[in-house]
Amino acid sequence: MPGKYTLEIITPERIFFHGEVESVIIPTPDGYMSIQKMHEPMVSAISVGDMKLYTDGEWRECTTSAGFVEVRPDETIIFSQAVEWPEEIDIKRAQEARERAEERLRQKKSYQEYMQNQIALARAMVRLRVGRRNRNMD
Amino acid sequence: MASMGDIKHSIRSISETEQITRAMHLISTSKMRKAISRYDSNHVHFERVQSALKDILAHSHELSHPYIGESEHGRAAYVVIAADKGLCGGYNHNVLNLAYDYMQQSEERYILTVGQEARAFFDRRGYMVDVEFLHVSQNPSLYNARNITQDILELYDNNIMDEVYVVYTQFASVLRQEPKVLKLLPLSVSNFENVDTGTQYSAEMYYHPSPREVFDILVPQYIIGLVYGCLVQSFASEHCARMTAMENATNNAEDMIDDLTKKYNRARQFAITNEISEIIGALEALS
C-alpha cells in the first residue's frame, strides 16, 4: 500500500535516520525484503548488506551491519550495529579491514572466530561495493 | 608554634599534591565531555532496544528458545564494570559493593571483570575472577562489547551458566551516578518492568524467516548494544565522579595552603618581633 510511515534507524553510536519514508528495502538472511505502509507487525533479522530507503521521490542507499528490525503498527525501527551513507565510508579503512579478515580466515581458527571473521569480511565487502559505486557516479 | 621550616615544607608538599589533583581534574573534565557525547548518542539506542525487546516478547506467546524464559537463582555469570584507577570518590566502591551483595544470592558464580579495580576487589575478598577484560574500561568500543558478548554467549550456550547479569553504573547526570544490576539472559518480560514500550496493540508478531532464526541473531545483537551502553555509561560516570573528587581535593588543598600561609606569616612575624626585642634588650643592657 503506498503511503508514508515513520522509520527509525538506530545504532549504538547514533540515531542514523528518523523520518517519513515510503519504502525501505532491507537485507535479511534469505534475501531482500521491502517494508511498506501497513505492514503486519513483524520481527526480522538483518544481515550485513546494503539497504535502500525510498523517501521524497528518490532512493537513498546505505550499508548496514547485522541487526534486527521491528515493524509495529505505529512505526518501524531498525536496530543495527553500524549504518553508513556511502559518503561516510572510508574506502581505505574498509580495504584494510577486508585484507585483515581474509588473512585471519586463511589461518585455521575455532568455529566462533571463523564466523566472526566471516561477518567482518562481509561488512568490509559491502562497504567497498557501495562506496565505490557511489564514487563512480560523481 | 611549629617552626617556619616545617610549615614551609608542608606548604610545598601540599602544593605539589594540588598540582597533581588539578591536572587530574582537567584531564577528567575533558574525558568526561567526550564520554558524555558518547553517552548522548548511545542512550536513545539503549532505551529503545529494551523497549523494542519488551514489545517483541509481549507479542510473542508460545515462543520457545533457549534465550527466553524465567530462571531460578542457580549458576550466574556477572559482568562487573569498574574503573582501572581509584581516586574517583565512591564510584568503584559503590558499584563493587552492589555487585558483591547481589552475588550472594547465587549458588555458583562466574565473574567477568572490566577494570583493574574490580579485579583487585574480588581478589581481596578471595573470589576467583574467571575472565578479566583489559583496557576496556578506558575505551568503550563496539569491538570490546562484541568480545564480551561472545564470551557471555559461549558460557550460556554451553550451559555452563543459567543467568547472566551485568553490574554497571548508570549515568543520571554529572552529579548523580547510580550503580545498577541489569539482567541480560535469559530474557523474560519481567526483566523490563521499568521499561515503557510506548505503544499498545494486541497483534501477534510474525517472525521472518522463523522465530528461532530471528532470536539467534536478535539476542546477540541486543546484548552487544546493551553491553556497549553499560560500558559507555560506566565510563561517563567514572569521569564525572573523578572530576568531582579531584575538584574537591584541589579546593581542600587550596584551603590548607591558605591556612598554612597565614601560620607561616605569623611564625615569621613572631620570629622578627623576637629578634627585635632581643636587640633592644641587648642595647638597653649595654647602655
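Lettering of chains follows the sequences in order, A, B, ..., and the numbering in each one begins at 1.
- Nearest heavy atoms, B/H45 versus A/F79: CD2-CD2, 3.8 Å.
- Atom CD1 in A/I10 sits 12.5 Å away from atom OG in B/S41 (nearest 0.5 Å).
- When heavy atoms are compared at a cutoff of 4.5 Å, B/Y207 approaches chain A by way of both its backbone and its side chain.
- Using a 4.5 Å cut-off between heavy atoms, B/R38 makes no contact with chain A at all.
- Interface remark: B/L218 contributes backbone and side-chain atoms alike to the contact with chain A (heavy atom separation under 4.5 Å).
- The shortest non-hydrogen separation linking B/L142 to A/P12 is CD2-CG, 3.9 Å.
- Both the backbone and the side chain of A/E13 come within less than 4.5 Å of a heavy atom in chain B.
- Counted within 6.0 Å of CZ on A/R98, heavy atoms from surrounding residues, nucleotides or ligands total 12 or fewer; the atom is thus considered open.
- For the atom pair CG (B/L53) and CD (A/E70), the distance works out to 8.5 Å, reported to the nearest 0.5 Å.
- Most heavy-atom pairs under 4.5 Å with chain B: of the set A/M33, A/E40, A/Q81, A/E75, this distinction falls to A/Q81.
- Counting heavy-atom pairs closer than 4.5 Å to chain B, the top residue among A/S65, A/S44, A/A82 is A/S44.
- Looking at A/T11, only its backbone comes within 4.5 Å of chain B, counting heavy atoms on both sides.
- Closest of all the heavy-atom pairs between A/P29 and B/I217 is CG-CD1, 4.0 Å.
- Within the model, atoms CG of B/D40 and CZ of A/R14 stand 15.5 Å from one another, a figure rounded to the nearest 0.5 Å.
- Taking a 6.0 Å sphere around NE2 of B/H135, one finds it holds 12 or fewer heavy atoms contributed by other residues, nucleotides or ligands.
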